[in-house]
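Below: the structure, in structure tokens.
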Amino acid sequence: MASISTTRQSLDQIERLKIMQTQLATLQYQISSGKKTRLFKGLENDVLSSERARADYKSLDTYINNITVADRRIKLMGNTLESAQQQATNVLNALEIQTQQGEIELDTINDLATNVQKFLYTLYNQKDGDRYLFGGAETQAQPISDTGSLDTYQVTRISDWLATTIDSDQLVDSYRDTAQLNDTVVGYSAELSSGNVRNVFVRVDESAELDYTVLANSDGFRDIMVAVSMIKNLTGTLEEVTREADDPATLVTAPGADQSEQNTNFYQVFNDLARMLSDAIDNLDLDRFNLSQTQAQMTQIMQNHEIEQNLQLDVISQAEDIDLNETAVNLNMLQLQLEASYRVTASVSQLSLVNYI
């Protein structure tokens, strides 16, 4: 029995089967992944728009992460500013209460000021991870330390005042004048004391940076530290505000030839320190306001970035994602075609002259 050669037809059919199997594998991948292709080159004309959208999305993601980190730090800084204000307010209230009552309990105020000063050092050295928040761009340098030089300076000036080497005006100048009481003496780091420390910025988009700097030696922070320390040292040095007629002559009081003069000198300094604290609290309000403004700007910018990211996701989806329903229909049709092709291939391979006739 002679057979009819079907080699050419079989080879053609096999080649078509391979193409259909490749198409089937692609459709099955698309159904399982939701994507048109594994590789960018498979997107053909959409590859450029997809790559650009992904690059833009990643860039926006970087800015959003920057804002998220800066927002966390601003919240920590805001809490610290609020805590410093509260500590200063506690001391100020104590001074005002003592004045209203007409008797100054030096030991009570001294204990409060001592404890507050210790806490202030902790506040001013607030960190986020391993970064100091109030040292400007010098994030690894501790902003302030209790070196003892502030206490030494103030006790010396108080001693001069008691010895009438300086008067009350000069004593006030000694702790208010930053040329006399410089940042190094207060205990600030070399970086802050130099006045050359750089500010802290957050990159929020391609062309904008926002400043969220608050330094530990800003007017508010510095004046609270100096005033609280001065209150501590003044109340720790004096034994009484004024000397009564029957008090011993060795009793340490404010300088003055009589009780009236002693009273005047004490309250000149005492009231000035209260004003210094009050003004410092107001200055920290300005720092908190500036931080809040920056935070509000960041929030608005981040919301805009998130909207833009959603738009980029739409571009990516249009370029890369499949229409699930359409792909499912195509897969079903291809499977039917493939089954039919298998049957045709089987029939062709069995052809002979007998069944051909």
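Bear in mind the structure is a predicted one, so any value in this text is a computation, not a measurement.
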Can you measure from [atom1] ([X]) to [atom2] ([Y]) and round to the nearest 0.5 angstrom?
X      : Y      : atom1 : atom2 : result
Met230 : Ser174 : CE    : OG    : 5.5 Å
Ile224 : Leu92  : CD1   : CG    : 10.0 Å
Leu60  : Ile67  : CG    : CD1   : 9.5 Å
Leu210 : Asp205 : CG    : CG    : 8.0 Å
Thr122 : Gln117 : OG1   : CD    : 11.0 Å

Ignoring hydrogens and angles, tell me if any N or O in the side chain of [X] forms a donor-acceptor pair with the backbone of [Y] under 3.5 Å.
X      : Y      : value
Ser229 : Val226 : no
Thr242 : Gln259 : no
Gln170 : Asp167 : yes
Glu209 : Val202 : no
Asn65  : Asp61  : yes
Thr264 : Ser260 : yes
Thr62  : Lys58  : yes
Thr114 : Asn110 : yes
Glu191 : Val197 : no
Gln262 : Pro255 : no

Measuring only between side-chain heavy atoms, which start at C-beta, is [X] closer than 4.5 Å to [Y]?
X      : Y      : value
Pro143 : Leu215 : no
Val252 : Glu240 : no
Ile74  : Thr294 : yes
Glu138 : Tyr132 : no
Asp130 : Thr139 : no
Leu120 : Val228 : yes
Leu162 : Leu238 : yes
Glu105 : Ile109 : no

Mind checking salt bridge (charged side-chain N to carboxylate O under 4.0 Å, His left out) for [X] and listing every partner two or more places apart, or none if nothing turns up?
X      : answer
Asp272 : Arg176, Arg275
Asp223 : none
Lys127 : none
Asp287 : none

Problem - Pairing residues for Thr80 by the side chain to side chain donor-acceptor pair (under 3.5 Å) criterion, not counting sequence neighbours - result: Gln126

If Ile, Leu, Val, Met, Phe, Trp and Tyr residues are connected whenever their side-chain heavy atoms lie under 4.5 Å apart, and connections chain through other members, are [X] and [Y] in the same group?
X      : Y      : answer
Leu76  : Val214 : yes
Ile307 : Met298 : no
Val155 : Trp161 : no
Leu286 : Leu123 : no
Leu192 : Leu284 : yes

For [X] and [Y], test the side chains for any donor-to-acceptor distance below 3.5 angstrom and give the result as yes or no.
X      : Y      : answer
Asn199 : Asp211 : yes
Glu82  : Gln86  : no
Ser193 : Asn182 : no
Gln180 : Arg157 : no
Asp169 : Gln268 : yes

Exercise for the section: Please list all pairs passing the ring pair (Phe, Tyr, Trp, His ring centres under 6.0 Å) test where one or both residues lie in residues 60-87, with sequence neighbours left out. Expected result: Tyr63-His305

Exercise for the section: Could you tell me whether Asp71 and Lys75 have a side-chain N and a carboxylate O separated by less than 4.0 Å? Expected result: yes

List in chain and number order the residues that pass side-chain contact (heavy atoms from CB on, under 4.5 Å) with [X], two or more places apart in sequence or in another chain; answer none if no residue qualifies.
X      : value
Ser145 : Gln142, Thr147
Glu261 : Ala257, Asp258, Asn265
Thr156 : Thr152, Asp160
Ala94  : Leu112

Exercise for the section: Identify the heavy atoms of Leu106 and Thr235 that sit nearest to each other, and give their distance. Expected result: O-CB, 3.6 Å

Fill in the blank from the handout: Here the pair of heavy atoms bringing Asn233 nearest to Gln154 is ND2-OE1, 2.9 Å

Exercise for the section: For Phe266, enumerate each residue passing the ring-ring contact (aromatic ring centres under 6.0 Å, His included) test, keeping only those at least two apart in sequence or located in another chain. Expected result: Phe270

Exercise for the section: Could you pull out all residues at least two apart from Phe221 that satisfy ring-ring contact (aromatic ring centres under 6.0 Å, His included)? Expected result: Tyr124, Phe134

Exercise for the section: Please say whether more than 12 non-hydrogen atoms of neighbouring residues, nucleotides or ligands are located less than 6.0 Å from CD in Glu206. Expected result: no

Practice task
Quick one: do Leu234 and Val269 satisfy side chain to side chain contact (heavy atoms under 4.5 Å, CB included)? Show the steps, please.
Solution key: CA-CA 9 Å; Leu234 182 64; Val269 177; 4.0 Å; yes

Handout entry: CA sep, side-chain torsions, deciding dist, call: Tyr175, Ile158, side chain to side chain contact (heavy atoms under 4.5 Å, CB included)
Key = CA-CA 10 Å; Tyr175 60 77; Ile158 291 170; over 6 Å; no

Practice task
Would you sort out whether Asp285 and Gln85 count as a side chain to side chain donor-acceptor pair (under 3.5 Å), showing the intermediate values?
Solution key: CA-CA 8 Å; Asp285 270 335; Gln85 285 182 303; 2.9 Å; yes

Exercise for the section: Tell me, please, whether Phe201 has Arg203 positioned over its six-membered ring: NZ or CZ under 6.0 Å from the ring centre and within 45 degrees of its axis? Expected result: no

Handout entry: side chain to side chain donor-acceptor pair (under 3.5 Å) assessment of Arg52 paired with Gln312
Key = CA-CA 9 Å; Arg52 285 178 176 173; Gln312 298 301 335; over 6 Å; no

